[in-house]
Amino acid sequence: MFFELETFAGTGVQGTQDGAAAVAMLDTPSWIASVPTGAVYVTETFSNGIRKIENGMVSTLTSRADGNADGPLSTALFRGPSGIVSDRMGNLYVGDQNNHRIRKIDVSGVVTT
């Protein structure tokens with residue numbers, strides 16, 4: 001049996017550029033999780049980023065600043081997000097590696113510890 005590999009997102013060049021999946025740049029993607037809506041979430045451990053890939057577009061959801069703060073994704077801070085999984089409802093659970101915590105991102109985009 002043979003499998004054909006296809007790039008889902010990214011150019012192969014390290015970076016943080018959002019946009020169409022074919023031209024977006026990812027910064028060392030670590031883990032991925034999909035949710036019932038079909039969106040795929042990617043953690044970027046070394047740049048503290050969480051990215052979303054949906055409808056062929058890549059967007060950055062976090063500020064990339066290093067820290068530890070709950071709240072809306074746009075202001076929440078992570079320090080080395082690594083593993084990520086989703087539940088049936090579409091909530092995400094992130095291993096915040098260097099903060100030694102498990103963080104929840106609910107379907108409305110609010111981060112709690």
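The residues of the chain are indexed from 1 along the displayed sequence.
Across G49 and T62, no two heavy atoms sit closer than the pair CA-OG1, 3.3 Å. The shortest non-hydrogen separation linking V23 to Q17 is O-NE2, 3.4 Å. Among all heavy-atom pairs drawn from S63 and S74, the shortest one is CB-O, 4.1 Å. Of all the heavy atoms in P36 and G90, the pair that sits closest is CD-CA, 3.9 Å. Closest approach of A33 and S86 over heavy atoms only: CB-N, 4.2 Å. Nearest heavy atom pair, residue I105 against residue F78, reads CD1-CZ, 4.3 Å.
Under a cut-off of 6.0 angstrom, the local environment of CZ in F46 is sparse, with at most 12 non-hydrogen atoms contributed by other residues, nucleotides or ligands.
The closest donor-acceptor contact from the side chain of S30 to the backbone of S82 lies at 3.5 Å or more, if one exists at all. D87 places a side-chain N or O within 3.5 Å of a backbone atom of M89 that can act as its donor or acceptor partner. Of the possible donor and acceptor atoms, none in the side chain of D96 sits under 3.5 Å from a partner among the backbone N and O of I102. Distance alone, capped at 3.5 Å, is enough to place a donor-acceptor pair between the T45 side chain and the P81 backbone.
Tracing side-chain contacts under 4.5 Å through hydrophobic residues (I, L, V, M, F, W, Y), one reaches L73 starting from W31; they form part of the same cluster. Under the 4.5 Å side-chain heavy-atom criterion for ILVMFWY residues, no single connected hydrophobic cluster contains both I32 and V35.
Rounded to the nearest 0.5 Å, atoms CG (N99) and CG (L77) are 9.0 Å apart. Annotation: the span from D66 atom CG to R79 atom CZ amounts to 4.5 Å, rounded to 0.5 Å. If you take OG1 on T112 and CZ on R101, they are separated by 11.5 Å, rounding to the nearest 0.5 Å. To the nearest 0.5 Å, the span separating CZ on R103 from CD1 on I50 amounts to 8.5 Å. Atoms CG and OG1, from L26 and T43 in turn, are 11.0 Å apart once rounded to the nearest 0.5 Å. The distance from atom OH of Y41 to atom CD1 of I84, rounded to the nearest 0.5 Å, is 8.5 Å.
Residues passing the side-chain contact (heavy atoms from CB on, under 4.5 Å) test with I53 are F8, A9, V40, V42, V58, sequence neighbours excluded.
Tested against R51 for a side chain to side chain donor-acceptor pair (under 3.5 Å), the candidates T16, D27, D18 yield a single pass: D18.
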